[in-house]
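Keep in mind that the numbers below use all heavy atoms, side chains included, and drop hydrogens, waters and symmetry copies.
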Amino acid sequence: MITRFAPSPTGHLHIGGARTALFNWLLARGQGGQFVLRVEDTDSLRSKEEHTQAILEALTWLGLDWDGEPVIQSQRVDLHRQYIDQLLKNGQAYWCHCRPEDIEEKRQQALQTGGKPRYDGHCRELGLGPAPGAVIRFKSPPPRSVGWKDLIKGSIVVDSDELDDLVLLKSDGFPTYNLAVVVDDLTMGVTHIIRGDDHVNNTPRQILLYQAFGATPPQFAHAPMILGSDKTRLSKRHGATSVMAYRELGYLPRALNNYLARLGWSHGDQEIFSLEEMAKLFSLKHVGRAASVFNPEKLNWLNAHYLKQTPLEELGALTLPYLTAKNITPPSSEVLAKIMATVRERGKTLVELAEKAEFYFLDPPPLDPIAAQKLLTPEGKATLTELAEELTKAFPGDHQAFDQIIQALATRKMVKMGVVAQPLRLALTGKTASPGLYDIVEILGPEKTIQRIKAALAYDGQPQD
RNA sequence: GUCCCCAUCGUCUAGCCUGGUCCAGGACACCGGACUUUCACUUCGGCAACAGGGGUUCAAAUCCCCUUGGGGACGCCA
């Protein structure tokens, strides 16, 4: 078995492409087959080397490794030409001198009169030869029905007279998509093609080409599209669509892979899969036929799940770049790991983790003005003063000791614990919501803890800094 | 317009092929309760769907047909 992913380097790797790659990868890896890459860069205008690099980088980040070197389609035009020449020789293709503008005009006319907009075969029997601006077209065989057994959608049949004489060689000397895919898949020995739904209409044309070459077509599997929340094709206006954007937003490749796989594929009620497990379990039989809506909330849930599963040291390393972006340098990976333990259940992405961890590094942290107004009253400050004294006297060595200090103070003042805890939380973090107080105190240590309390006591209601 | 594809909770889906075990199961989200010095986590519970209409059958979410709705394609883009 050989599967392939064949992106065109005209942009970044997007979510839909990533899932197509993932499905091909899963099928090959699960069956002990090969997964190869082919860069379809025959659009000389739009293809860019930088896009190729970005796509490879995205695939690597996702952990979808490929076999051998990527095949560059533009380097195989000689091969494509050979196959086209063969058709030309057999009378299965012909030169066409029609001007693009004329064809476009006919197309518009057909569309307006309610017909199918397609090439009228003007040059078909003219026996023309090469000329500047000329193209080579496929001479579609006599009407017949073309069908295949799609591994996802079941059997699909199309009447071949729905298909017109498609261009095989463009006037710039490059082969067209349909010709190049067929020649390449054929010569690369691809056995299974998983691609997006939007290629269903190309499949009968390609089957006709396989037949013209006297070859057996590979197996086709068309995966349904991924839609945005409004059920239209996923695009930028629905939010992030590029794989690399998700990396920047702090998503883990594991989470994205897991989410993308479950979008369309299922294995009973199971939701959580490692890449290895998915490969073992993956089957096209359990890929759905209907389009699915991309749901960021569920991705968040999966990402949060994997965040919680990640060892603290590793989580710290993963979060570090996001802290660096905030000009924060943690003293050590040990300290960072301790911090991670306190914030990892409070964020859904690495970006959020970095945000939640930020206060540890700000001395003192800026106080939320609304909370300060409410909590740093004379009574609040009195409480903080007493707390500072207690903590200076005997800095708690464990959670229990710390709790006793808070509890004792609350009892003495005859207030709820929150009345004591909240001003302290504000002083230490600048906010009213934070990790557990003892965890913070422990990480901050006596000096910074006292310092921050004193800074809060100095609060006078004026904007800080 | 023409052709192709699709249709179970708001969303992802199980079940459909091989009708009965489904007054339809799981997950996300949402809403309540518990836990709690905050926020979260966790946990318990709840809300919520077989698009509509015809058949076939003792029996249909499951098979067939139609309607409606949605998506895709119709390039010298891929």
Which one is paired to U68(B), where only Watson-Crick or G-U wobble pairs with both distances under 3.5 angstrom count?
-> A7(B)

Compare the minimum distances between each of C12(B), G72(B), C76(B) and the side chain of Lys170(A), then state the nucleotide with the smallest one.
-> C76(B)

Which one, A78(B), A27(B), C76(B), comes nearest to the side chain of Asp43(A)?
-> A78(B)

How far, in whole Å, is A49(B) from A14(B) if one measures between their C1' atoms?
-> 13 Å

Rounding to the closest angstrom, what is the interatomic distance between A51(B) and G25(B) at atom P?
-> 16 Å

Across all strands, who's sitting opposite C74(B) as a Watson-Crick or G-U wobble pair, both distances under 3.5 Å?
-> G1(B)

Indicate, with yes or no, if the rings of His192(A) and Phe23(A) have centres closer together than 6.0 Å.
-> no

Kindly say whether, by distance alone, the side chain of Arg262(A) makes a donor-acceptor pair under 3.5 Å with the base of U13(B)?
-> no

For G26(B) and C47(B), measure between their C1' atoms and round to the nearest Å.
-> 16 Å

Considering only side-chain heavy atoms of Lys153(A), which listed nucleotide, C5(B), U37(B), A14(B), is closest?
-> C5(B)

Asn295(A) side-chain proximity, nearest of C28(B), U37(B), C39(B) = C28(B)

Steps toward salt bridge (Lys or Arg N to Asp or Glu O under 4.0 Å) verdict (Glu104(A), Arg99(A)) | CA-CA 9 Å; Glu104(A) 183 54 30; Arg99(A) 299 191 315 161; over 6 Å; no

Name the closest nucleotide to the Arg289(A) side chain, picking from U38(B), C76(B), C6(B).
-> C6(B)

Between Gln422(A) and Leu299(A), the residue closer to the 5' end of RNA chain B by nearest nucleotide is Leu299(A)

Applying a 3.5 Å limit to both distances, which nucleotide forms a Watson-Crick or G-U wobble pair with C50(B)?
-> none

To the nearest angstrom, how far is Glu345(A) atom CD from U43(B) atom C1'?
-> 13 Å

Taking atom P in both A29(B) and A24(B), compute the distance separating them and give it to the nearest angstrom.
-> 24 Å

Do the side-chain N or O atoms of Lys308(A) get closer than 4.0 angstrom to the phosphate oxygens (OP1, OP2) of U42(B)?
-> yes

Separation of the P atoms in C5(B) and C44(B), to the nearest angstrom | 45 Å

In terms of ring plane angle, is the pair His14(A) and His12(A) parallel, tilted or perpendicular, where the classes change at 30° and 60°?
-> perpendicular

Is the distance between the ring centroids of Phe282(A) and Trp25(A) less than 6.0 Å?
-> no

G10(B) and C17(B), which share atom name P, separated by this distance in whole Å = 25 Å

Consider the side chain of Glu40(A), meaning its heavy atoms from C-beta on, and name the nucleotide among A78(B), G72(B), C12(B) that approaches it most closely.
-> A78(B)

Is the base of G25(B) touched by the side chain of Asp269(A) through a donor-acceptor pair closer than 3.5 angstrom?
-> yes

Picking from G72(B), U37(B), C12(B), the nucleotide nearest the side-chain atoms of Ala421(A) would be U37(B)

Can you tell me how far P in G20(B) sits from the matching atom in G15(B), rounded to whole Å?
-> 13 Å

Does a side-chain N or O from Thr176(A) land closer than 4.0 Å to OP1 or OP2 of G75(B), or not?
-> no

Of Gly418(A) and Ala6(A), whose nearest nucleotide on RNA chain B comes first from the 5' end?
-> Gly418(A)

Measure from the side chain of Ala433(A), starting at C-beta and using heavy atoms only, and say which of U11(B), C39(B), A78(B) lies closest.
-> C39(B)

Watson-Crick or G-U counterpart of G45(B), or none if no pair lies under 3.5 Å = C31(B)

Has the side chain of Asn202(A) got a donor or acceptor atom sitting under 3.5 Å from an opposite partner on the base of A78(B)?
-> yes

Examine Tyr251(A) together with Tyr259(A) and report whether their ring centres are nearer than 6.0 Å.
-> no

